[in-house]
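All ligand and atom numbering here is 1-based and tracks the order in the structure.
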Amino acid sequence: MPPHRKIFADLIVLLLLVLPYVNGYWIFGGSKPLVTTRLDSIISPGVVSSHVHSIVGGSRFSPTYSYEDLIQSQCSTVTVQQDVSNYWAPQLYYYDQGQGTYTPMPTSFNIYYLSRPGPENEYINAIPTGLRMVAGSPLRRVNNASNFADQAISYVCLDYTTDHTGDPAWDERADFFQHQCPDGLRAQVFFPSCWDGVNLDSEDHQSHMAYPIQNYNSGDCPGTHPVHLVSLFYEMLVSVDQFSYASGSWVYSFGDNTGLGFHADFQDGWINKTLLQDALDNCPDANGDVSACPPLNAVANDQAASACQPELMIVDEPIGTISSPLTVLPGCNPLWIGTGPKPTCDPVPATPGFVDAKSTLPSGWTQLGCIAEGSTGRALSSASTTSPVMTRPFCANFCANLGYPYAGVEYSDECYCGDTFSNGASNITTPWYDCSMSCSGNGEYK
Ligand SMILES: *[C@@H]1O[C@H](CO)[C@@H](O)[C@H](O)[C@H]1NC(C)=O
Ligand SMILES: *[C@@H]1O[C@H](CO)[C@@H](O)[C@H](O)[C@H]1NC(C)=O
Ligand SMILES: *[C@@H]1O[C@H](CO)[C@@H](O)[C@H](O)[C@H]1NC(C)=O
């Protein structure tokens, strides 16, 4: 081979080695919300927030908390149990025009951790301990296509069977589509990755962070915000396809039916920052896959993530379910159509209080925990029922009406009653994560 060919071949090898590092990333895919409630510990600390959010991550999410409180979380709804950060965004509802009702649409999140340096190839740092930030704004009513903060909010309409390339009506865009999305809607938000190096939060929850110089999603950091952090990107996947597009519309919990007001919040809860930096430094080839990154894989537990339940307070009000939609969005959030100011409420609705997220049982009942059944029959064998809207209170009331002191839910929609544990079941609780099926009536675990 002539010498110049050899050099060319070496260059290709080098490029192959460098490029994957630049694009190194992992995804906490399919993360389920921990809770859906009218709280926002960053924008409205300690009080009921103005609209309902879908909140992912650490189980000690609370109306107000510190990093130190949060890292006491028992579990996280993201697979890596050493990350009890909270990730949240407004809940998207389906507004049924005929019925005048609002139904919260099923939602899950893909949380991306991306290494996105620019031409200077800056070092990508772990998130500083306790960082909080917000991207986007519920007040935004116009799109400025040359503004990085606006570019950072976008939508993708999912259709796995038909290729819509070249059709502008299906292009990734800044606001809601004007047609159905047959495989769901993806609402996307890219957080700024450049930190001022000093402040863990700021008055507007944004100005301690900045987008890179060249682009909203990659590039070198400006002198005002010189510390390049790992880039956070959320995809909120909403099952809009389960609701008729012809007879309704998509409305955020704050009344917005344009989609421009999408926003998201992040509260750091990485327990071990060395672990996060280790993953950033050493998993250039993870290609999104947590299991391809040994330090993350060692602390990943999908079962714990799927069983994870909120430990503290939620707001004491219904947020709607598919079987019982709302006629009014929680808070003061009338339908907000067009670019005018947000409509007001007269009278202003009363503000509800907080309730323990775990104590949803009727009075007189206490939770004993999760028990293992024996192999010869039901642990509680005196009476039973099933229901598509099964919850722990539903089952407790059913058993109480028949005079039984014990009630237990199983397989999502089954309820069993008894005076004692039978058929080899012992009165010893097993770890909470063994009860990993959610109740058919409210998605709560039992
Ligand atoms: C749009 O954004 C660019 C870049 O941030 C800014 O210079 C410009 O003033 C904005 N335009 C409007 C109408 O706000
Ligand atoms: C934190 O993570 C590092 C790197 O993965 C690991 O070596 C260390 O043991 C962890 N520390 C604790 C307290 O778990
Ligand atoms: C099970 O244990 C609880 C708590 O120790 C106790 O109150 C209850 O009486 C026990 N029930 C049975 C059926 O043994």
Please list the nearest protein heavy atom to [atom] with its residue and the distance rounded to 0.1 Å.
{"atom": "atom 4 (C) of ligand 1", "result": "Ser146 O, 3.5 Å"}
{"atom": "atom 5 (O) of ligand 1", "result": "Asn147 CG, 3.9 Å"}
{"atom": "atom 14 (O) of ligand 1", "result": "Asn144 ND2, 3.5 Å"}

Looking at [atom], would you say a protein heavy atom lies below 4.0 Å from it?
{"atom": "atom 7 (O) of ligand 2", "result": "no"}
{"atom": "atom 2 (O) of ligand 2", "result": "yes"}
{"atom": "atom 11 (N) of ligand 1", "result": "yes"}

Tell me which pairs pass side-chain hydrogen bond (donor to acceptor under 3.5 Å, both in side chains) where either residue lies in residues 176-185, with sequence neighbours left out.
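Sorted pair list comes back empty.
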Once the angle between the rings of His164 and Trp170 is folded into 0 to 90°, is it parallel (under 30°), tilted (30 to 60°) or perpendicular (over 60°)?
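Answer is parallel, since the angle falls under 30°.
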Could an N or O of ligand 2 be found under 3.5 Å from any N or O of Gln82, whether backbone or side chain?
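Checking ligand 2 against Gln82, no N or O pair falls under 3.5 Å apart.
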Can you find an N/O atom of Asn272 closer than 3.5 Å to an N/O atom of ligand 2?
yes
Whether Lys342 and Asp256 form a salt bridge (side-chain N of Lys/Arg under 4.0 Å from carboxylate O of Asp/Glu) is what I want to check.
no
Test: Asp268 and Lys273 ion pair at under 4.0 Å
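Salt bridge: yes.
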Validation: residues 103-110 side-chain donor-acceptor distances under 3.5 Å, sequence neighbours left out:
| unit_1 | atom_1 | unit_2 | atom_2 | d |
| --- | --- | --- | --- | --- |
| Thr107 | OG1 | Met105 | O | 2.8 |
| Asn110 | OD1 | Gly30 | N | 2.8 |
| Asn110 | ND2 | Glu235 | OE1 | 3.0 |

Less than 3.5 Å apart, any donor N or O on the side chain of Ser207 or Asp204 sitting next to an acceptor on the other?
yes
